[in-house]
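Proteins get letters first, then strands, A, B, ... in listed order; numbering begins at 1 in each.
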Amino acid sequence: MYAFDYHQPASVADAAAALAAAADGKLVAGGMTLIPTLKQRLASPSDLIDLARVDELKGIGEESGSLVIGAMTCHADVAASDIVRRSIPALARLAGGIGDPQVRNRGTIGGSVANNDPAADYPAAVLGLGATIRTNKRDIAADDFFQGMFTTALEPDELITRIAFPVPQAAAYVKFPNPASRYAVVGVLVAKTGGGVRVAITGAGADGVFRATEMEQALSADFSPKALDGIAIPSDGLNGDIHASSEYRAHLIGVMAKRAVAACV
Amino acid sequence: MPTVSMTVNGKAVSREVEPRTLLVQFLREHLGLTGTHVGCDTSQCGACVVHVDGRSVKSCTMLAVQADGRVVTTIEGMAAADGTLHPIQAAFRENHGLQCGFCTPGMVMSVADLLKNNPSPTEREVREWLEGNICRCTGYHNIVKAVLAAAEALRGAPAHAAE
C-alpha cells in the first residue's frame with residue numbers, strides 16, 4: 001500500500017471540505033473494495049477520508065411510502081433491520097447475501113452504490129426499486145445514477161448521504177452467486193410497483209446494472225413467470241469471463257428472472 | 001505519524017502508526033499478538049478475524065487507524081487468565097475441529113460472534129455463517145460439530161462471558 005494522509009471528519013460538510021481540499025482524495029466507507037484495491041497498489045490516493053464517524057450518515061427510517069437508509073449503514077444492519085424486513089423484505093435478504101458475515105459487518109450500502117461494481121448486488125435493488133440517491137448536493141434518480149462500469153453521476157466532491165427506496169407492492173431478488181466470492185454472476189431484482197413492473201439485472205452487463213425493458217412490459221401485462229417465456233436476452237453487451245460466458249449469463253437472466261417473479265407471487 | 005489508541009483484550013494500548021498500517025499488522029507486529037493469522041491477505045479466508053466493538057471483522061481489510069478508540073478482541077483474549085480454554089476453544093479440541101490449526105483463531109472468533117447473536121444455530125446456519133472462514137486441512141465436518149457442541153456448552157453456562 002502506498003502512503004496517504006488519513007482524515008476522520010465528523011460531519012458531511014467536513015468530509016466534503018476534506019475531499020475538495022485533497023490533491024487526490026478518496027472517500028472510504030466500509031473499505032471492503034477500497035482497502036484490497038490499495039493493498040494491490042491499484043489506487044494511490046493522496047488522502048483517505050473515512051466516513052465512519054459521520055453519524056448523520058447512519059440509520060434506517062421510513063418517510064411517507066419510502067424506506068430511507070443512511071449511506072454508512074452496513075449490510076448486516078440492513079439484513080437484520082425490523083423496518084427493512086417489514087417494508088421491503090427483498091432488500092433485507094439481498095443485504096444478507098452479500099459476501100460473508102465479516103464483509104457484511106463492514107461493507108456499507110453507500111459504498112457499494114458509489115462504487116457501482118458491475119457484479120455488486122445493491123445496484124440491482126437501487127435501480128429495480130426505482131430508488132432516489134440523496135447526496136450532499138442533490139437528489140438523483142436511480143435511472144440517471146448508474147452510468148457504466150464503476151461510473152456514476154456523482155461529481156468528484158459529491159457524496160451519498162441516504163438512499164430512499166419507494167416501498168413496492170412486491171419485490172424479490174434472486175442471484176446466481178459466484179461460489180467463491182458470492183458476487184453475482186447474474187442477479188435479478190423484480191419489483192411490482194404502482195407505476196408498473198421494474199426488472200434490474202446486475203452481474204451480467206458489460207456496462208454494469210441495467211433494466212430489462214422487454215421483461216418489464218411482459219410482466220406489467222401478466223405478472224407471472226410464464227409471461228417471460230419466449231423473451232430471449234441477447235448476449236451482446238453481456239460480460240463473458242472465466243466464471244461464465246456471455247451466452248450463459250444471458251440464459252441465467254431468464255432463469256433468475258422467472259424465479260424472482262415466482263418468489264413475488 | 002498519527003497515534004492510535006484502542007482497548008485490546010481489555011488492555012488500553014496506544015502506538016504511533018502510519019495510516020497505511022493494517023489492523024492485523026498492528027496486532028501482530030506492533031503489539032506482538034501473533035495469534036491472529038494472515039492467510040490469504042485478500043479478505044477471503046478469515047484467518048485474521050477479530051472482534052471490533054463486538055462484531056467480527058477481517059483485520060487484514062481494516063486499517064489500524066480505523067480501530068482508533070474501539071474495543072478489539074483477539075484470540076488471545078478468549079481463554080481465561082489461568083489458561084482455561086474458552087468453551088469454543090475447548091469444543092474445537094474435543095471434536096478434532098482442527099488439524100494444522102492455522103485457520104482456528106479466525107474460526108473461533110467468527111463462531112464467538114455467531115453464538116452471541118444466535119445461541120442455538122442449526123447445522124445449516126453454522127455452515128452459512130462460516131462462509132468467510134476457509135479450512136484447507138480437514139474440511140468442515142468436525143468444525144461444524146465443534147460449533148454445535150460449543151453452542152450447547154455455552155447454553156449450559158450462561159454466566160460465561162464471551163468477551
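Contact of A:L38 with chain B is not made at all, since no heavy-atom distance falls under 4.5 Å. Looking at A:R104, there are no atoms closer than 4.5 Å to chain B (heavy atoms on both sides), in backbone or side chain. Of the two parts of A:A180, only the backbone, made up of N, CA, C and O, holds a non-hydrogen atom closer than 4.5 Å to a non-hydrogen atom of chain B. Using a 4.5 Å cut-off between heavy atoms, B:V49 contacts chain A through its side chain alone, with no backbone atom that close. When heavy atoms are compared at a cutoff of 4.5 Å, B:D41 approaches chain A by way of both its backbone and its side chain.
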For a side chain to side chain contact (heavy atoms under 4.5 Å, CB included) check, start with the C-alpha distance between A:L48 and B:L63, then their side-chain angles and the critical distance, and finish with the verdict.
CA-CA 11 Å; A:L48 212 58; B:L63 302 168; 3.8 Å; yes
Apply side chain to side chain contact (heavy atoms under 4.5 Å, CB included) to the pair B:L22 and A:K39, showing each step before the final yes or no.
CA-CA 10 Å; B:L22 296 169; A:K39 285 166 74 173; 3.8 Å; yes
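When every heavy atom of A:C74 is checked against every heavy atom of B:R55, the shortest pair comes out as SG-NH2, 3.7 Å. The nearest pair of heavy atoms linking A:P101 to B:G132 is CD-N, 4.4 Å.
Contacts of residues 6-15 of chain A with chain B at a heavy-atom distance below 4.5 Å involve A:Y6, A:Q8, listed in sequence order.
Contact count against chain A (heavy-atom pairs under 4.5 Å) is highest for B:V65 among B:V65, B:N133, B:N117, B:I134. Note: B:K58 leads B:E18, B:K58, B:Q44 in heavy-atom pairs under 4.5 Å with chain A.
Within 6.0 Å of CZ on A:R134 lie more than 12 heavy atoms contributed by other residues, nucleotides or ligands. Within 6.0 Å of the CZ atom in B:R127, the count of heavy atoms belonging to other residues, nucleotides or ligands exceeds 12. Residue A:D241 places its CG atom among more than 12 non-hydrogen atoms of other residues, nucleotides or ligands, all under 6.0 Å distant.
Note that the CG atom of A:D5 and the CZ atom of B:R20 stand 11.5 Å from one another [nearest 0.5 Å]. Taking CD of A:Q102 as the start and OG of B:S110 as the end, the distance is 4.0 Å to the nearest 0.5 Å. Within the model, atoms CG of A:D100 and CG of B:L130 stand 10.0 Å from one another, a figure rounded to the nearest 0.5 Å.
By the 4.5 Å heavy-atom criterion applied to side chains, A:R106 and B:T61 are not counted as neighbours.
Under 4.0 Å is where a charged nitrogen must lie from a carboxylate oxygen, and between A:R53 and B:D68 no such pair does.
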